[in-house]
Novice: 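Here it is, the structure, as structure tokens.
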Amino acid sequence: MAEKEYAYFSGCSLEGTAKEYDESLRVVMKALGVNLVEPDDWSCCGSTPAHTVDHVFAAALAARNLCLVEKMNKEVLTTPCPSCLMAFKKAQYNMSRDDAFKGEVNELLDEAYNCGVESKSSLQIIYEDIGLDAIAARVTHIMPDLKVAPYYGCILSRPPEIAQFDDPENPVSMDKVLTAAGIDVRDFAFKMECCGAAFGVPKQEMVNRLSAKVLEMALDAGANCIAVACPLCQQNLDLRQEQVNKTMGSNFNIPIIYFTQLMGLAYGFSPKELGMDKVIVSADKITRRITKEEYAKIKEEEAAAKKPQKAKKEAAAEETNN
Amino acid sequence: MDTINLSEKTDWAFIEEVKKESGQNPSLCYQCGNCTAGCPYTQYFDYPVSVIMRLLQSGQKETILTSKAIWLCATCETCTTRCPCEVDVTHIMDTLRIMARREGKVSEKDIQLFYDSFLDSMKKHGRIFEMGILMGYKFKSGHLMGDAELGPKVMSRGKISLFPKTIKGADKVAQIFNRFQEKAKKHG
Ligand code: SF4
Ligand code: SF4
């Protein structure tokens with residue numbers, strides 16, 4: 001496979017509470033022949049708090065990093081975090097369309113940013129640049145007990161003009177990526193409903209209520225696991241699940257797993273390499289693995305066992321008909 | 001829906017200011033309610049987002065800038081995505097929040113404190129130090145025990161570091177803060 005290379009911005013969460021997202025993404029990207037290069041000495045993108053202060057200021061915090069990428073002579077930056085992605089995309093969108101805005105942002109920076117970097121989510125790179133066939137070709141294991149509700153979070157494909165990716169109301173990229181990885185994916189009506197993560201600390205109860213709805217809808221969809229692409233969603237739904245249970249009197253126990261961790265499991269990597277021991281609600285019980293060959297054999301045997309039965313039934317039906 | 005109380009005189013200058021800062025035209029809104037229908041936070045808002053739009057059209061500056069809604073908005077972009085008139089409603093909410101901050105009218109102090117601890121950490125280290133933000137927030141808000149039960153969970157999995165990591169260019173990031181503050185002072 002031809003090597004692909006991208007500038008990679010992991011973001012602050014992936015150095016702390018979302019370490020397993022970074023670990024599993026790197027493992028999977030390597031397996032798919034993608035090289036990730038971090039800009040030297042990157043800084044925080046500014047995220048939500050910066051844009052409650054000022055739009056130029058927020059764009060400058062993001063653009064400092066885009067500037068570093070420009071210096072690496074890379075045109076595409078990928079980040080797994082939807083919040084970082086939004087900060088970069090908004091800065092790029094506004095600066096490249098409005099010269100006065102661009103000038104104001106650059107006044108705050110040491111070095112001017114020339115708007116030469118396009119940012120894409122790591123999900124988008126996997127879905128579009130690597131593609132479903134290559135994703136499927138690398139699968140070694142099947143997890144027969146796993147039923148996944150793919151949860152995109154609120155901003156991965158919104159607003160469409162800025163996100164330029166997937167459908168703003170019913171995204172399917174993660175559904176397709178996981179399906180290609182041999183995973184049973186359920187239709188999930190709440191795939192984009194906001195879980196409230198940004199307010200977890202100051203507004204705990206409100207957030208617990210929003211999370212409870214997401215968890216409940218996943219169960220309704222017949223899932224026993226939620227796949228996520230956002231470090232804030234993961235933290236909120238996993239770490240606070242017990243809090244949700246206390247607030248709501250519920251007893252949710254649903255593992256919240258990064259889609260890259262699930263891909264890594266399907267690719268035969270060890271749970272440890274993928275940081276599976278770092279999630280709070282364990283997925284051990286639902287991620288039993290068998291090799292693809294064993295799985296195919298079982299399916300064959302099942303089909304064979306059904307056939308004679310089916311033949312018998314048909315014969316019996318025919319007899320009664322006659 | 002409650003009737004809207006237009007208690008203030010229409011503040012035309014305020015409408016113009018929002019228009020200019022957001023680049024959006026609030027009068028395009030025809031009150032269809034799509035934005036509110038999709039807003040995941042609407043039950044917690046004191047004024048649903050479509051009502052904020054109506055209040056904005058009638059220049060009710062005080063009511064808007066002291067509302068809880070503009071702080072409880074999570075910038076989820078649902079309203080912008082669904083507005084049939086292509087109003088960037090999220091961006092208007094964002095702009096109103098910035099104005100409330102600038103005028104010292106923040107109704108949700110805890111949320112502002114949380115954002116401020118985040119920015120403090122960023123200014124100091126160049127990146128976010130999660131533990132530092134949490135402690136800073138607890139200290140300033142006085143909610144010392146909130147989320148205390150989560151600590152052992154993240155610690156035992158080695159997910160949160162107790163010591164900040166400061167990037168080499170932290171001073172460059174702090175420069176962005178300083179230049180912005182100077183500029184803000186000048187334009188005061
Ligand atoms: S961006 Fe804010 S106002 Fe708009 S739907 Fe989301 S939470 Fe509601
Ligand atoms: S969706 Fe647009 S037009 Fe409809 S009420 Fe909201 S802002 Fe107004």
Side-chain angles (χ1 to χ4, degrees), chain A residues 11-13 15-20 40-44 46-57 60-61 64 86 98 104 107-110 154-155 158-163 168-169 192-204 206 210 213 239-240 242-243 277-280, chain B residues 21 23 40-41 44 71-72 74-78 80-82 88 90 94-95 97-98 101 108 110-116 118-119 121-122 126-131 133-134 137 141 143 146-147 149-150 153-154 157-161 165 167-170 172-173 175-177 179-180 183-184:
Chain A
C12 303
S13 298
E15 289 198 313
T17 40
K19 264 187 193 147
E20 65 271 34
D40 185 36
D41 215 39
W42 56 267
S43 50
C44 173
S47 188
T48 313
H51 68 73
T52 70
V53 174
D54 183 80
H55 291 125
V56 171
F57 170 65
L61 294 173
R64 177 183 179 268
M86 185 57 103
D98 181 344
E104 280 187 68
E107 262 171 43
L108 299 184
L109 293 172
D110 280 332
C154 42
I155 49 172
R158 278 179 187 168
E161 237 184 293
I162 294 180
E169 295 292 352
M192 291 206 80
E193 209 66 24
C194 181
C195 70
F199 298 128
V201 179
K203 288 279 162 203
Q204 189 201 312
M206 173 179 93
L210 290 168
K213 274 206 272 179
L239 183 59
R240 291 182 185 280
E242 214 177 284
Q243 236 176 35
D277 54 340
K278 291 202 172 70
V279 301
I280 310 288
Chain B
E21 280 202 31
Y41 292 85
Y44 304 99
W71 287 93
L72 292 175
T75 328
C76 77
E77 307 279 357
T78 311
T80 295
T81 304
R82 294 186 185 168
D88 189 343
T90 310
D94 214 30
T95 306
R97 197 159 38 224
I98 290 174
R101 196 189 250 280
E108 289 281 345
D110 285 352
I111 294 177
Q112 185 191 9
L113 275 178
F114 183 67
Y115 289 160
D116 289 350
F118 184 105
L119 293 168
S121 178
M122 184 174 177
R127 284 184 201 166
I128 290 313
F129 170 44
E130 289 169 318
M131 193 59 153
I133 297 179
L134 206 60
Y137 167 74
S141 66
H143 302 318
D147 282 337
E149 79 275 18
L150 302 182
K153 289 190 182 182
V154 280
R157 284 163 180 82
K159 286 176 109 174
I160 199 160
S161 95
K165 173 168 163 187
I167 66 167
K168 283 179 284 172
K172 301 256 164 30
V173 175
Q175 274 294 330
I176 299 178
F177 279 77
R179 285 187 198 123
F180 167 68
K183 190 181 116 187

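Note on naming: letters A, B, ... go to the chains in the order of the sequence lines (proteins, then strands), and numbering restarts at 1 for each one.
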Novice: Non-hydrogen atoms of chain A under 4.5 Å away: do they reach the side chain of Tyr44(B), the backbone, both or neither?
Specialist: side chain

Novice: Considering only heavy atoms, which portion of Thr80(B) lies under 4.5 Å from any heavy atom of chain A: side chain, backbone, both, or neither?
Specialist: side chain

Novice: Less than 4.0 Å between a side-chain N and a carboxylate O, is that true for Arg179(B) and Glu107(A)?
Specialist: no

Novice: Parallel, tilted or perpendicular: which describes the rings of Trp71(B) and Tyr115(B), with under 30° parallel and over 60° perpendicular?
Specialist: tilted

Novice: Report which part of Asp277(A) has an atom under 4.5 Å of a heavy atom belonging to chain B: side chain, backbone, both, or neither.
Specialist: backbone

Novice: Side chain, backbone, both or neither: which part of Arg101(B) has a non-hydrogen atom closer than 4.5 Å to chain A?
Specialist: side chain

Novice: Look only at the side chain of Asp41(A) and the backbone of Ile167(B), and say whether a donor-acceptor pair between them is shorter than 3.5 Å.
Specialist: no

Novice: Among residues at least two apart in sequence or on other chains, which ones pass side-chain contact (heavy atoms from CB on, under 4.5 Å) with Glu169(A)?
Specialist: Arg158(A), Asp167(A), Thr81(B), Arg82(B)

Novice: Counting only heavy atoms closer than 4.5 Å, note whether Gln112(B) contacts chain A via side chain, backbone, both or neither.
Specialist: neither

Novice: Among the options Glu108(B), Lys172(B), Met122(B), pick out the one with the most heavy-atom pairs lying under 4.5 Å from chain A.
Specialist: Met122(B)

Novice: Checking Arg240(A) side chain against Gln204(A) main chain: does a donor-acceptor pair fall under 3.5 Å?
Specialist: no

Novice: Ignoring hydrogens and geometry, is there a side-chain-to-backbone donor-acceptor pair from Ser121(B) to Phe118(B) under 3.5 Å?
Specialist: no

Novice: Looking at Lys168(B) and Asp40(A), does any basic side-chain N land under 4.0 Å from a carboxylate oxygen?
Specialist: yes

Novice: When only pairs under 4.5 Å are counted, which of Glu193(A), His55(A), Arg64(A) shares the most heavy-atom pairs with chain B?
Specialist: His55(A)

Novice: Quick one: what part of Met86(A) sits under 4.5 Å from any heavy atom of chain B, side chain, backbone, both or neither?
Specialist: side chain

Novice: Does any heavy atom of chain B fall under 4.5 Å from the side chain of Asp98(A), the backbone, both, or neither of them?
Specialist: neither

